[in-house]
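Below is one structure, written out as structure tokens; comments come after it.
Residues take their numbers from the sequence shown, with the count starting at 1.
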Amino acid sequence: MEAPENDAVAFESAEKIILRWDSTVSEEAREKMIFDADRYEINRYLHAVDEIQRSMESTTLSDDQDKANSAIQIAMARLEDEFRSILVAHTNAIEADSLTDPSPSPVHSGEFQLPVEDYHDTPTDDDSFTKELEHQESSSSSYRSTSSIREVDLMPPVAIYDLRSIAERMISAGYLRECIQVYGSVRKSAVESSFRKLGIEKLSIGDIQRLDWETLETKIRRWIRAAKVCVRILFASEKKLCEQIFEGLGTVTDDACFMETIKGPAIQLFNFAEAISISRRSPEKLFKILDLHDALSDLLPDVEIVFESKSSESIRVQAVEILSRLGEAARGILSEFENAVLREPSKVPVPGGTIHPLTRYVMNYISLISDYKKTLGDLIVSQPSTGSRYSSDPNTPDMDFADLDGLTPLALHLIWIIVILQFNLEGKSKHYRDTSLAHLFMMNNVHYIVHKTKGSPELGEMIVDDFLRKLTGKFRQAATSYQRATWVRVLHCLRDEGLHVSGSFSSGVSKSALRERFKTFNALFEEVHRTQSTWLIPDTQLREELRISIAEKLIPAYRSFLGRFRSHIESGRHPENYIKYTVEDLENAVLDFFEGYAVSQHLRRRSQ
């Protein structure tokens, strides 16, 4: 044990050093920072602090406790300033390449890093500084990758060593709270600066919910990119820095500093996703909500790693709850979309019997849904609510899913959407006054549903062939019904019945009846041509198939009728008034059908 007089001398020497750097009484102390000086001066001051702390525990200096307490308070105030100064000097937002480059290549902060050898010639009796730097240089690279986490070095080893040296003494002297507050306030500003670089705005949940959806879509895309960087790089790197400075200095010191730094920014980050998850539901939001769900689901394991401590449990819980609410929002939107398709109220017939905007919208929508089959397949676990719920509702189709055994709940939902779309379209077809046009409308729309389903690999994979065959049969039946409603009357004019006369004095063809028959045929065909050339079949192949089907019935019948009765008309007066069209005229006229614009000149020129 050292003699009391030696203790007193050591205390007085340490006190002198502490007082020399008292910024409240010394102009030089106010203008300079100890840790901007050489290593010798830094070590002298730290040793002085150690001596004051040791002396406070010594019984030999019990009479000088007041002086020791005063000295330690001055020293702690000085170290707090030095701690803040070092933090500020090395506090910048993470470099842009660190925020955007996902490749596992070394990323440097761009900060000034003093080489270890710069200190080798510094006169000091303590080589712990050099050893610590050598250890950091040899054992850690500029990033550490765990799973998808990439930790970037936020400060050079020399700054970390100095900060740890100060923190150790402040915590030992009972200044833990002050140390944490200074650290958190400075590092939090660096995190906020990185947030600004990433485009993360300070918006309340209310602010977010008041934004229009187009603006939100842009912000969601930005948030997904930013959240990955924040969790996997920014927050992970801040946690690493806390560990480098505070680990081992207290049971939860490093975690307390970490939470002091990032709790506010983390809440700000996740509040955006939370606002989306509880916002008003509408069909157009589904896919961005699913994007958010995918991104957060992908991030959750990293959130569990970065926020693994007890004190950061609230962040983990918030992320899990948001993920759950996003899933619930997606399920709710799908259910509301089904109801909206069923109840879509428009009653004005689309011109020309073409594809209804609802059909295009719904099929494009479920095609996009099929692109998210992995996510939605996990979220949708029950089949659509049809059955007894709708059994007494005449405004809802009846469907038994027992025939579709083995399909996933999501596939059943997509089939159900198609079924209720057809049901709605059948109701809309009744608003056409022309029965033929109503059948053409259904043919167009059901054909589009089949074409769209087969054209999407994901959707086609989910919708079973048997259901598609039934759909194909429906649009072919609609085509048959159209032909029957339109052409039975026309072809009826080309029959022989009613044209032959017989009696006691003469037998043969009634020319008056024959002339009337040609006139009726001409009038009916001209009316069909005039109206149905304005009708539209958008699908080229379907349009051509229906024209061929019409021609295969009409042209042979007209050719045969003309061959049998032409001579009877041409032997009379003004035959051109009755036989107005050649077979070729009709063949050309059929080509005008379903083009969607006014009658062409093929028929009009000969009818004038």
Side-chain angles (χ1 to χ4, degrees), residues 1-30 32-87 122-129 131-132 159-186 242 244-257 260:
M1 179 181 295
E2 294 185 11
E5 58 270 20
N6 291 336
D7 289 345
V9 170
F11 174 80
E12 289 176 2
S13 175
E15 183 186 34
K16 184 177 180 180
I17 294 171
I18 298 299
L19 294 177
R20 176 191 163 201
W21 288 99
D22 183 0
S23 58
T24 62
V25 297
S26 169
E27 184 71 26
E28 180 184 11
R30 284 194 291 273
K32 295 181 180 180
M33 302 305 294
I34 299 172
F35 282 77
D36 287 342
D38 59 38
R39 182 53 49 180
Y40 178 79
E41 191 63 41
I42 293 171
N43 286 336
R44 283 187 68 212
Y45 192 84
L46 293 176
H47 290 162
V49 174
D50 293 341
E51 180 60 34
I52 297 295
Q53 288 184 304
R54 187 190 65 79
S55 67
M56 291 179 70
E57 301 168 0
S58 172
T59 58
T60 61
L61 293 174
S62 57
D63 296 335
D64 294 322
Q65 284 298 314
D66 290 342
K67 291 177 65 178
N69 285 334
S70 175
I72 203 66
Q73 289 176 11
I74 293 170
M76 290 302 109
R78 183 71 203 196
L79 286 180
E80 182 177 326
D81 290 342
E82 296 288 340
F83 195 71
R84 180 183 292 103
S85 175
I86 297 170
L87 285 170
T122 303
T124 176
D125 57 355
D126 186 358
D127 64 353
S128 61
F129 170 74
K131 290 180 180 178
E132 176 66 19
I160 293 172
Y161 177 85
D162 288 341
L163 289 169
R164 184 175 175 85
S165 298
I166 295 172
E168 183 177 8
R169 288 159 176 85
M170 290 184 70
I171 293 169
S172 176
Y175 284 76
L176 171 63
R177 184 174 60 85
E178 290 81 356
C179 186
I180 290 175
Q181 287 177 343
V182 171
Y183 181 89
S185 66
V186 176
C242 287
Q244 288 174 318
I245 296 172
F246 296 103
E247 192 171 34
L249 300 185
T251 54
V252 292
T253 306
D254 55 335
D255 188 58
C257 289
E260 182 78 13

How long is the gap from [atom1] on [X] to [atom2] on [Y], to the nearest 0.5 Å?
X	Y	atom1	atom2	value
E51	R54	CD	CZ	4.0 Å
E80	R78	CD	CZ	12.0 Å
L79	D162	CG	CG	11.0 Å
I72	K67	CD1	NZ	14.5 Å
I180	S185	CD1	OG	12.0 Å
M56	F11	CE	CZ	9.0 Å

pair [X]-[Y]: side-chain heavy atoms closer than 4.5 Å:
X	Y	answer
R20	R44	yes
V49	I18	yes
K32	W21	yes
F35	L46	yes

Please state whether the rings of Y183 and F83 are parallel, tilted or perpendicular, taking 30° and 60° as the class boundaries.
tilted
Under a 3.5 Å distance rule, please check whether S85 uses its side chain to pair with a backbone N or O of E82 as donor and acceptor.
no
Do S165 side-chain atoms and Y161 backbone N/O form a donor-acceptor pair below 3.5 Å?
yes
Nearest atoms (heavy-atom pairs only) where [X] meets [Y]:
X	Y	result
G184	E260	CA-CG, 3.5 Å
I171	F246	CD1-CD2, 4.3 Å
I245	A167	CG2-CB, 4.4 Å
I42	I34	CG1-O, 3.5 Å
C257	C242	C-SG, 3.8 Å

For salt bridge (Lys or Arg N to Asp or Glu O under 4.0 Å), just list the numbers for R164 and E168, CA-CA rounded to whole Å, side-chain angles, deciding distance to a tenth of an Å, and then say yes or no.
CA-CA 6 Å; R164 184 175 175 85; E168 183 177 8; 5.6 Å; no
For the pair R84 and D81, evaluate salt bridge (Lys or Arg N to Asp or Glu O under 4.0 Å) and give the outcome as yes or no after the intermediate values.
CA-CA 5 Å; R84 180 183 292 103; D81 290 342; 3.5 Å; yes
